[in-house]
Amino acid sequence: MKEVNSLAKPFIRRINPFDAALPREITLSWSGSRACANRIIISDNETNAIVFDDTVSTYALKHTIPPNTLTNGKKYVIQAQIFDEENIPSTLSDKVLFFTFATPEFSFDGITDDTVIANSSFTATIHYYSADWEAISKCVFYLYDAAKKQLLKSSEQTDDQDIRYTFKGLDNDTVYYIRCEGVTVNGMELDTGFIKIMVKFSNPNSYARIYADPLPAQGCVRVASNLIIIQYNGTEAFDYQNGMIDLRDKTLYYDEGFLIEGDFTLLLRGTHLWQTADLLKMSNGKRGLTLSSRIYTDGTLRFRLLVPDGAANYLLYSEPLTFSQEDLLTIALKQKNHIYQLDVFQGNGGDR
C-alpha cells in the first residue's frame, strides 16, 4: 500500500490536561488531500502499551476519546493518521504527550447563586482541591453586570495557597455576576462559571436633623435639633483641612458637655485609617467601649469593637477590608437594648 505523501503528516493540536471520566475531542491539522477518515493511537507513556487505537470515517479533522477510556493521574502519548478518499494512509503524526487528571474542586467559598452581599465591597475566596495534587499556576477574577457584560477583570493571582480578590464599589440593590478562571501548572483549565449575587445593604440614617413645629396660636415656628455642641478644653492645637480635624499622632479628649443615655448610633468618619491602633474610647465611669483597628499579615484590616461586660468581653469585628489612606471611611457603632452593631462604609455612608 502506497502512502499519500511520505512528507505529509497530520498535526495534533495542543491537548490540555483533561478528566478521563469525560469525553474529550482531539483536533487535528492536515494540509494533504481531502481526509475521509482519521485514526488516533494512544499509548501509556510508562509502558508504551497501546490503550486506544480507533479509526473513524469523517471529513472533520476531529476525533473523540470516549469517557473512561483512559485513567486519571497518568501520562499518555498520542499519534494520528489521515486516510484519503482512496483509503491511502498518511504518515503517522509526531508524538504528543498529554496528562489526565480528575476534575479539581474549584468554586467560590461560601458564595453560591443568589447570595446576598450586604456591602458595597467584599472579598471572594476560591476553594480548590485536586485529588492529583495539581497546583494552580494563575487565576483571574471577573465582575459582570446583570446582562453578563464584563465590568472588571482582575490582575493575575499566582498564590495558589490563598486565592482571593476584593470587589469594590458595588451599587446597592443591584444584580451582578462574579466568575473566576484559572489554569493549573500543566495547563488544565478551571472555571467557576457565572455566579449570580445580589448587593443589598442599608445606609445609616441622618442623625443631625432639624425639626420644625408650627405654633399657630403664637404665630411662629418652633425649631429644635438633636445636635449637641461639645467643647474641647485642652491646650493642644489641631489643624482642620477640608472640614476634617487632623488627629495623626494626637489625641482629642472630651470629658464634659454631653452624656449618652440609652440606645445610640455613633458615626466616625475619617481618612488615614490604615493602621493598627485604638481609634476611639468612650466611658461613663461604669461602662465603656473601645474601637480599634488591626492590620493582618494577609494584607487586610479589620475594625474591632470591645465592650467590657463584667468577667467577659463583648467583641465585634468588621469583615476584612482593603483600602488606601486617602479613602474616606464611615464607621457606624450602634447600641440597642445592650446589643451592639458595627458597620464600616466607604465614603460618607453611601458605600460600605
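The shown structure was predicted, so the numbers you read here are calculated from the model rather than taken from an experiment.
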Asks: Mind checking whether His63 and Phe52 have parallel, tilted or perpendicular rings, split at 30° and 60°?
Replies: perpendicular

Asks: Counting only N and O atoms by type, is there a donor-acceptor contact under 3.5 Å from the side chain of Ser90 to the main-chain atoms of Ile82?
Replies: yes

Asks: What closest approach, in Å, do Asp19 and Met188 show between heavy atoms, and which atom pair accounts for it?
Replies: N-CE, 4.0 Å

Asks: Please check if any side-chain donor atom of Gln79 sits under 3.5 Å from a side-chain acceptor atom of Asp94, or the reverse.
Replies: no

Asks: Kindly compute the distance separating CG (Asp162) from CD1 (Ile126), expressed to the nearest 0.5 Å.
Replies: 11.0 Å

Asks: Between the main-chain N or O of Ile195 and the side-chain N or O of Tyr176, is there a donor-acceptor pair closer than 3.5 Å?
Replies: no

Asks: To the nearest 0.5 Å, tell me how far Arg248 CZ sits from His272 NE2.
Replies: 4.0 Å

Asks: Enter the distance from Leu342:CG to Leu333:CG here, rounded to the nearest 0.5 Å.
Replies: 6.0 Å

Asks: Under a single-linkage definition using a 4.5 Å side-chain heavy-atom cutoff for Ile, Leu, Val, Met, Phe, Trp and Tyr, are Ile42 and Val77 assigned to the same hydrophobic cluster?
Replies: no

Asks: Could you tell me how the ring of Phe141 sits relative to the ring of Tyr165: parallel (under 30°), tilted (30 to 60°) or perpendicular (over 60°)?
Replies: parallel

Asks: Going by heavy atoms in the side chains, are Ile178 and Ile111 under 4.5 Å from each other?
Replies: yes

Asks: Is atom NZ of Lys196 surrounded by more than 12 heavy atoms (other residues, nucleotides or ligands) closer than 6.0 Å?
Replies: no

Asks: Judged by modelled atom types alone, do Asp109 and Thr125 share a side-chain donor-acceptor pair under 3.5 Å?
Replies: no

Asks: CG/Leu190 to SG/Cys139 distance, rounded to the nearest 0.5 angstrom?
Replies: 6.5 Å

Asks: Does the gap between the ring centers of Phe11 and Trp30 come in under 6.0 Å?
Replies: no

Asks: Do Ser137 and Thr184 have side-chain atoms, one donor and one acceptor, less than 3.5 Å apart?
Replies: no

Asks: Taking NZ, NE, NH1 and NH2 as the nitrogens, is one of them in Arg164 or Asp298 under 4.0 Å from a carboxylate oxygen of the other?
Replies: yes

Asks: Between Asp263 and Lys336, is there a salt bridge with N-O shorter than 4.0 Å?
Replies: no

Asks: Find out if a path of hydrophobic residues (ILVMFWY) with successive side-chain heavy-atom gaps under 4.5 Å connects Phe101 to Tyr76.
Replies: no

Asks: Can you give me the closest heavy-atom contact between Asn119 and Val199, atom names plus distance?
Replies: O-CG1, 3.4 Å

Asks: CG/Leu279 to OG/Ser293 distance, rounded to the nearest 0.5 angstrom?
Replies: 4.0 Å

Asks: Spell out, yes or no, whether Leu329 and Leu268 are grouped together once hydrophobic residues are joined by side-chain heavy atoms under 4.5 Å, including indirect joins.
Replies: yes

Asks: Using the six-membered ring of Phe98, assess whether NZ or CZ of Lys75 lies under 6.0 Å from its centre and within 45 degrees of the ring axis.
Replies: no

Asks: Should Tyr144 and Met198 be regarded as members of a common hydrophobic cluster, given that ILVMFWY residues are connected when their side-chain heavy atoms come within less than 4.5 Å of each other, either directly or indirectly?
Replies: no

Asks: Under 3.5 Å, is there a donor-acceptor pair linking the side chains of Asp327 and Gln325?
Replies: no

Asks: Does Arg179 qualify as a cation-pi partner of Tyr177, given the criterion of NZ or CZ under 6.0 Å from the six-membered ring centre and within 45 degrees of its axis?
Replies: no

Asks: Do other residues, nucleotides or ligands put more than 12 heavy atoms under 6.0 Å from Lys250 NZ?
Replies: yes

Asks: For a quick test of reading the model, state the closest non-hydrogen atom pair linking Ala80 to Leu28 and the distance between them.
Replies: CB-CD2, 3.7 Å

Asks: Taking atom types as modelled and ignoring hydrogens, do the side chains of Arg24 and Thr64 form a donor-acceptor contact shorter than 3.5 angstrom?
Replies: no

Asks: Mind listing the closest non-hydrogen atom pair of Ile295 and Thr276 along with its distance?
Replies: N-OG1, 3.0 Å

Asks: Give the intermediate values and the outcome of side-chain contact (heavy atoms from CB on, under 4.5 Å) for residues Thr330 and Val344.
Replies: CA-CA 6 Å; Thr330 298; Val344 181; over 6 Å; no

Asks: Determine whether the side chains of Asn38 and Gln81 contain a donor N or O and an acceptor N or O closer than 3.5 Å.
Replies: no

Asks: Between Arg39 and Asp53, does at least one N-O distance fall below 4.0 Å, as a salt bridge requires?
Replies: yes

Asks: State the CD-CD1 distance between Glu319 and Ile117, to the nearest 0.5 angstrom.
Replies: 9.0 Å

Asks: Report yes or no: do Ile331 and Leu306 belong to one cluster of Ile/Leu/Val/Met/Phe/Trp/Tyr joined by side chain heavy-atom distances under 4.5 Å?
Replies: no

Asks: Start with the C-alpha distance between Glu189 and Glu181, add both sets of side-chain angles, then the distance that settles side-chain contact (heavy atoms from CB on, under 4.5 Å), and finish with yes or no.
Replies: CA-CA 8 Å; Glu189 297 177 350; Glu181 293 181 327; over 6 Å; no

Asks: Got a sec: does the CD of Glu25 have more than 12 other heavy atoms crowding it under 6.0 Å?
Replies: yes

Asks: Hey, does Val185 have a side-chain heavy atom less than 4.5 Å from the side chain of Ile136?
Replies: no

